[in-house]
Asker: 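Here's a structure for you.
Small disclaimer: the values here were computed from a predicted structure and weren't measured. In this chain, numbering begins with 1 at the start of the sequence shown.
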Amino acid sequence: MAHPPTEETAADEPAAARESKRIAIFGDIHANLEALQTVLADAKEQGCNDYICMGDIVGYNADPSACLEIVREMNCPTIKGNHDEDASGTHSLDSMNPVAATALEWTREQLTDEQRLWLRRLRMVRQVADFTVVHSTLDQPSNWNYVTNRFDAMSNFSYQFTQVCFHGHTHVPRVYIKDDKVQEIPAESVAIEGGAKYFINVGSVGQPRDGDWRACYAIYDLEHKLVVFRRVEYDIETTQRKIREADLPPMLADRLAEGR
């Protein structure tokens, strides 16, 4: 049975969010500094004056500390991703994919105690203005379930008490709509219309997996009730070089160019 939002998910509406008309919503940065810097510069050019981070700031790539500090200094609503949780803990990573585990062990060594504490304290679900943000799903956010089709999305809608919910985790931009049924539409430009609910994956800044290597994020225009997806090119060669110089698994550098 679905339950109403608890104190953990109570409305979180800083002044910037109330006044903003265009909000940049970005996540799955995965320590890709060049992609993050490019996305934030593009968001500014697009007139965004508020930001929300969807989690997984760290993991995989070679600049976890720098990316964490950028997000922390922005002081924007930020939620916890599974890599944030794993990088900030001391638990065994043996059950993980070996490549991801190797990168996380390395990441743990790069972060200070203060940075790990900041990651641990991030909440998994937040309501900002009149919409919700979660890294994975609202039904069991700590289980880090993946939503890859409309059938996966059905469970989430039962727990979604706002019209719009943004998420990430799969690194693939997707839009699910629930009215009389649940359907998926192209992740390009989405008008938020009355009578329907929307579960929107904003894609990945630092490691896209939809075959397009460019960094991906979304802009929510509150005034016009419009969500627009953005793809931006970044200095991928520098990111790849840093991965190799850090002696991280070479496939982490190779996959960036493939968008996989």
Side-chain angles (χ1 to χ4, degrees), residues 23-43 48 51-64 66-68 70-71 74 76 78-87 97 99-100 103-104 107 119 122 133-137 144-149 152-153 165-176 184 186-188 190 199-220 227-236 238-240 242-243 248-249 251-260:
I23 304 176
I25 305 177
F26 63 99
D28 290 292
I29 301 162
H30 285 295
N32 188 330
L33 180 61
E34 289 70 36
L36 176 60
Q37 291 173 329
T38 302
V39 160
L40 295 180
D42 185 76
C48 296
Y51 301 83
I52 296 173
C53 180
M54 302 296 297
D56 271 3
I57 301 168
V58 302
Y60 293 127
N61 297 311
D63 281 301
C67 290
L68 186 154
I70 287 174
V71 173
M74 291 173 70
C76 63
T78 301
I79 54 174
K80 182 189 294 186
N82 53 304
H83 283 253
D84 302 323
E85 180 170 88
D86 287 330
N97 174 295
V99 172
L104 279 168
T107 297
L119 288 174
L122 292 175
V133 290
V134 63
H135 185 70
S136 56
T137 61
W144 311 115
N145 294 322
Y146 289 92
V147 176
T148 59
N149 54 56
D152 294 336
C165 178
F166 294 98
H167 67 117
H169 196 37
T170 68
H171 299 205
V172 177
R174 296 182 185 274
V175 178
Y176 301 100
E184 180 181 349
E188 296 170 355
V190 184
F199 189 46
I200 301 174
N201 191 315
V202 299
S204 172
V205 170
Q207 196 193 80
R209 295 179 184 170
D210 59 345
D212 186 337
W213 67 272
R214 298 174 299 169
C216 183
Y217 76 105
I219 296 175
Y220 189 14
V227 178
V228 177
F229 290 82
R230 298 278 300 169
R231 304 300 294 242
V232 293
E233 296 185 3
Y234 68 94
D235 184 1
I236 189 173
T238 295
T239 304
Q240 291 175 313
K242 288 179 177 180
I243 292 170
L248 288 165
M251 72 159 292
L252 293 175
D254 298 339
R255 75 185 298 178
L256 289 178
E258 301 172 359
R260 296 294 181 188

Asker: Quick one: ring-ring contact (aromatic ring centres under 6.0 Å, His included) partners of Tyr176, sequence neighbours excluded?
Answerer: none
Asker: Extract all donor-acceptor atom pairs below 3.5 Å that involve side chains of residues 251-259 and protein atoms in other chains or at least two apart in sequence.
Answerer:
residue: Asp254; atom: OD1; partner: Arg244; partner atom: NH2; Å: 3.2
residue: Arg255; atom: NE; partner: Arg260; partner atom: O; Å: 2.6
residue: Arg255; atom: NH2; partner: Arg260; partner atom: O; Å: 3.2

Asker: Do Asn145 and Ser136 have side chains that get closer than 4.5 Å, going by heavy atoms?
Answerer: no
Asker: Please check if the side chain of Asp235 supplies one atom and the backbone of Thr238 the other of a donor-acceptor pair under 3.5 Å.
Answerer: yes
Asker: Please enumerate all residues that pass salt bridge (Lys or Arg N to Asp or Glu O under 4.0 Å) together with Glu85, with sequence neighbours excluded.
Answerer: none
Asker: Using the test salt bridge (Lys or Arg N to Asp or Glu O under 4.0 Å), find all partners of Asp152 that sit at least two apart in sequence or belong to another chain.
Answerer: none
Asker: Is the shortest side-chain heavy-atom distance between Val190 and Phe229 below 4.5 Å?
Answerer: yes
Asker: According to salt bridge (Lys or Arg N to Asp or Glu O under 4.0 Å), who are the partners of Asp84, at least two apart in sequence or on a separate chain?
Answerer: none
Asker: Of all residues at least two apart in sequence or in a different chain, which pass the side chain to side chain donor-acceptor pair (under 3.5 Å) check with His30?
Answerer: Asp28, Asp56, His171
Asker: Just wondering, do Tyr217 and Val202 contact through their side chains at under 4.5 Å, heavy atoms?
Answerer: no
Asker: Do Ile52 and Phe166 come within less than 4.5 Å of each other through their side chains, counting heavy atoms only?
Answerer: no
Asker: With a 3.5 Å distance limit and no angle check, can you tell me whether Arg231 reaches the backbone of Asp212 through a side-chain donor-acceptor pair?
Answerer: yes
